[in-house]
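Data first, discussion second: the structure below is written as structure tokens.
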Amino acid sequence: MQSLCWTTRFLSRALRNGFATLVEPHVKPRPRFVSVVCGFPKDFLESKYKLGKFGDDAWFKTQTPNADVIGVADGVGGWRSYGIDPGEFSSFLMKTCERLVHCSGFNPQRPVNLLTYSYCELLEQKKPILGSSTACVLVLHRETSTLYTANIGDSGFIVVRKGEIVHRSEEQQHYFNTPFQLSLPPPGHGHNVLSDSPESADTLSFPVKEGDVILVATDGVFDNVPVKILLDVLKEIEGENDPVKLQMTANTIALMARSLSFDSEFMSPFAINARRNNINATGGKPDDITVVLATIVA
Amino acid sequence: MNEPLSVSTSSSSDLTTTSSSDYAEVFDLHECATTGVDVDNYFSDVLIDQYAQDVVDFSSQYGSDYSISYTALNITGRPCKYPDYGDFPETFAMRTYGDWWESAPSRLPEIRPQNNPKITAQDFIVVRFEQFVIPEKIILFETYNPGALVRIWSHDITEKWILLWEDEPHNYGPKSRKFSPPLKKMKLPTKVIRLEFNHSCLDYFTEIDGITLIGRKCNVFSQSDFLSRCRRRNRKGPILRKLESLRFRPCYKENHQDYLRDFLVNDLEKFIRESALLHDDGEKENTQLGLRDMPCEILLKIFSYLDMKSLFRMGLVCKQMYEITNHPLLYSEINLKPYWHLSSSELLRTLANRCTLLKKLDLSWCGLYGTISPTEFKKFIQQRGDNLTHLRLNSCKFLNASCMETVGIVCDNLKELSLRNYSNETNILSFSCLANLRNLERLDLFRTYIETELLLTMLENNPKLKHLNLAFCGIGVNMDEIASHISKYNRELVSIDMWKSHSLSSVGLQALSVCSHLEEVDFGWCLREEALPGESLKCLLRGCPNLKKLFLAAIRGITDRDLENIANLCPQLEQLDLMGVLGISTEKCYEILVKCKKLKLLDLSFCDHIDEAQIANWREQFPVSIKRSCVPSDFFI
């Protein structure tokens, strides 16, 4: 009962959070995002609610006159055993990306620069921020109606148009359940920690059209919800510019991911992948869940 | 109207022998603005507030140029942290605080300190706003260690700097502050504000989140437009207006020339008496000895204690005084840094005539907005530069490639050269002729981008080098190579600052260990790639037993073993910075406090594993200032 109470409280908070950040209308008819956010931390009791975070996941969305930007990052939980809060790394990464978007040097056509610079920014902090994280950043360049993306690790995005997935990010893994990651290990641990440079990010750029649906999410979603189901939900909201309806869909996806992740019988994408790697597993993978859902309106 | 503050009362013509037509024009505009009739319809009663749009210039910042943490640009835009209080990277922080830098071995004596106003400024930042306004209020959002602001200047539309506010620095304690000092009323619109800081009272770095300029909106879109309109409206000079106000109506019917002669012969005396232009001081015979009866040598001695402004004023007294105040001995050391707002090509020309024995020159902070032309500076150096031993040109906006070339060729006796803040102009400035210098003892290249090759040559040519500042020298300089060169050629080095030089590794550290005279090293934010610098640091500490200042900020690989070495090998240590080092324990810090008897400053900020209660104990037990900076705990969570 207790946990149910927590869940509903968080759901309503998440809802409010989503409504609060509606995109303001623009004078000039150029493509822009209508975007909403929903998500859950894996463990409600252990994580404190803070805007821009769900457990170890972090997200941001922001806009300039020239571009709309969305990003998600998933802090690698393994650092907890070293006494390091994994959420700090991902949250810092996203916050810095958001600040960089508003700096004069921001180039909407090079989202990978956002990741590179915010990674460099980590090294400039007085407070040492250690850990590692995956990250995915999407920039809609308004002038050219083109989406520029950079993705490192197993967070990702899918773009749905006319009931089909037209673009999706590629998962980058070293080996099973070990994604590419930006990392800053504690001094002395450098050699036995996986660390990928921001330049190894997978970058894509493609034109988008009015009505396209874009889902950006962390592995908590992609590991638990089969793509087919995601597609079924997403194709319902093509061309939708009502943020309330979008929010409902985002909530659906997040809730679906959360329930599937705790379903021990379900053959989740994660379990299927595990089997491919000769690991016998069933059920979902409990994880922090972040869903950023956007449609493109002109 | 407020009484104008001391610094701004004298116009620029104070420092120059002749007042040019330019000044007369500016004066006109001020008059015209103060009478208020002509210009008033430019200004509406609408108050607007603006956040800073742009940073024009600054003297120092804590962060690197390529970063967005602790850098000057963070002062622009809406404040994002106020009213929170803490050490936030989203704010603007400067390089120093307190008097720690002044008590380090590398401290720099001022040239002609009597020039300094009572409240000296250590740092400045110039910010630009979007629209011209008549300033009514300025709000500074200080989110960490407030109280360093000492002066606010405004650069008005006629390109004159007006002092809006001035006060002593204070320490307001650990709470954030929204500071809006009472401003002097201003009649002319401005969009450029300069803030000056003095950190001497502060416990730690001050941090500024943003600045708001509130003022009456005015319908001025461009400066030239405003100036030309003012000129069209008011062409009369001060004398003509004075005559007008006295209702003096000359009659022009006759021949103009004759009339003037007539006036000079007959009416001038009456005019002067009536208009009280001459003070009737009584013509009593003064039997007491006056200044004028002193021998020239004594007067020279007396005048040598005067600041430059008073010296120039003294020269206005009479011919004799003028001649003495022109004596080259009074101009062997020139420091225009406190007079940056009055500096001009003209002043430089005037000084060039007087300073035939020039030895030390400080033109730091001068020449923003083209008040000094590069040609004039070049001419000055060509005329007077050959005996120069000390030259400080920090943040001078007039320097160009040929200026640098002239300095390199003419000033070959330089012992001290200070070239701070030339980071953006790399492609414009070429320092290559500095390779001519052979006698340097101090070289300061703080935040100046210089090529490794040139620096190596300079090190090789100047074996007497004692102080070297390479802080923020960019990613281009290979510090390991520099260090190994120093170990070969510059063994007399006393202080070296390599703050934020990422290319320094333990190889460089080891090389520096042969410089046994080293008393001050700043390796803050270096050794980034190095996991554990242990052995090389030990080597350095063993090689330099006189170390007084050791800054190891943010070298994350420092461990307890290193602290043990510091405790055992640095008996002279006075300042130790371990900011942001995680791998050190409470016990080893205690060991340092016990063994380094002369320690005065210990920075343990962001060292998370140190016991807070113990620090409180230490503060009572040892005469050491222990710094513990932090961000509020819920900042990241």
Side-chain angles (χ1 to χ4, degrees), chain A residues 41 46-56 58 62 64 75 82-106 113-114 116-131 184-193 195, chain B residues 53-55 62-71 73-74 76-78 80 86-90 93 204-205 207 475 500 502 524-525 527-534 553-559 577 579-584 603 605-609 629-637:
Chain A
E46 259 184 34
S47 90
K48 205 170 128 193
Y49 175 76
K50 179 126 198 223
L51 186 67
K53 283 187 74 172
F54 296 110
D56 301 341
T62 185
T64 68
Y82 291 77
I84 294 167
D85 174 11
E88 208 172 87
F89 191 99
S90 55
S91 161
F92 178 86
L93 210 60
M94 289 296 101
K95 258 188 202 161
T96 313
C97 281
E98 187 172 352
R99 285 181 66 205
L100 285 166
V101 168
H102 296 286
C103 283
S104 56
F106 171 59
N113 286 358
L114 283 181
T116 315
Y117 293 149
S118 55
Y119 178 70
C120 287
E121 219 45 57
L122 277 165
L123 304 171
E124 300 289 332
Q125 300 306 303
K126 290 186 188 175
K127 181 184 169 62
I129 298 167
L130 305 172
L184 204 60
H189 291 82
H191 45 278
N192 46 25
V193 168
S195 181
Chain B
Q53 187 187 29
D54 200 5
V55 174
Y62 188 93
S64 315
D65 282 337
Y66 52 82
S67 163
I68 56 168
S69 304
Y70 316 105
T71 50
L73 264 178
N74 288 331
T76 58
R78 191 175 287 276
C80 57
D87 198 342
F88 299 115
E90 290 92 340
Y204 208 59
F205 296 95
E207 288 181 2
I475 344 162
K500 297 238 178 191
H502 302 313
W525 302 83
L527 300 144
R528 179 183 279 182
E529 311 296 328
E530 215 67 29
L532 299 164
I555 303 183
R556 318 280 190 200
I558 299 275
T559 60
D577 186 353
M579 193 279 298
V581 178
L582 280 179
I584 52 175
D603 193 339
S605 306
F606 299 103
C607 302
D608 292 348
H609 301 311
S629 180
C630 61
V631 285
S633 56
D634 66 341
F635 177 52
F636 282 110
I637 303 159

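Remember, it's a predicted structure, so these values are computed and weren't measured experimentally. In what follows, chains carry the letters A, B, and so on, assigned in the order in which the sequence lines appear, proteins first and then strands, with residues in each chain numbered from 1.
- A distance of 7.0 Å separates CD of Q125(A) from OG of S67(B), quoted to the nearest 0.5 Å.
- For Y117(A), the OH atom counts as loosely surrounded, since its 6.0 Å shell holds 12 or fewer non-hydrogen atoms of other residues, nucleotides or ligands.
- Between W525(B) and K126(A), the closest side-chain pair of non-hydrogen atoms falls below 4.5 Å.
- Side-chain contact between I68(B) and H102(A) is absent, with no heavy atoms from C-beta onward closer than 4.5 Å.
- P128(A) approaches G580(B) most closely through the heavy-atom pair CG-O, 3.7 Å.
- The contact between L130(A) and chain B is made entirely by side chain atoms (from C-beta outward), counting heavy-atom distances below 4.5 Å.
- Atoms NZ and OG, from K127(A) and S69(B) in turn, are 14.0 Å apart once rounded to the nearest 0.5 Å.
- At least one side-chain heavy atom of S64(B) sits less than 4.5 Å from a side-chain heavy atom of E124(A).
- Neither the backbone nor the side chain of D54(B) comes within less than 4.5 Å of any heavy atom of chain A.
- Taking all atoms of both residues into account, the shortest heavy-atom contact from R556(B) to L123(A) is NH2-O, 4.4 Å.
- Using a 4.5 Å cut-off on side-chain heavy atoms (C-beta onward), Y66(B) and E121(A) make no contact.
- Of the atoms belonging to L582(B), it is side-chain heavy atoms, and not backbone ones, that fall under 4.5 Å from chain A.
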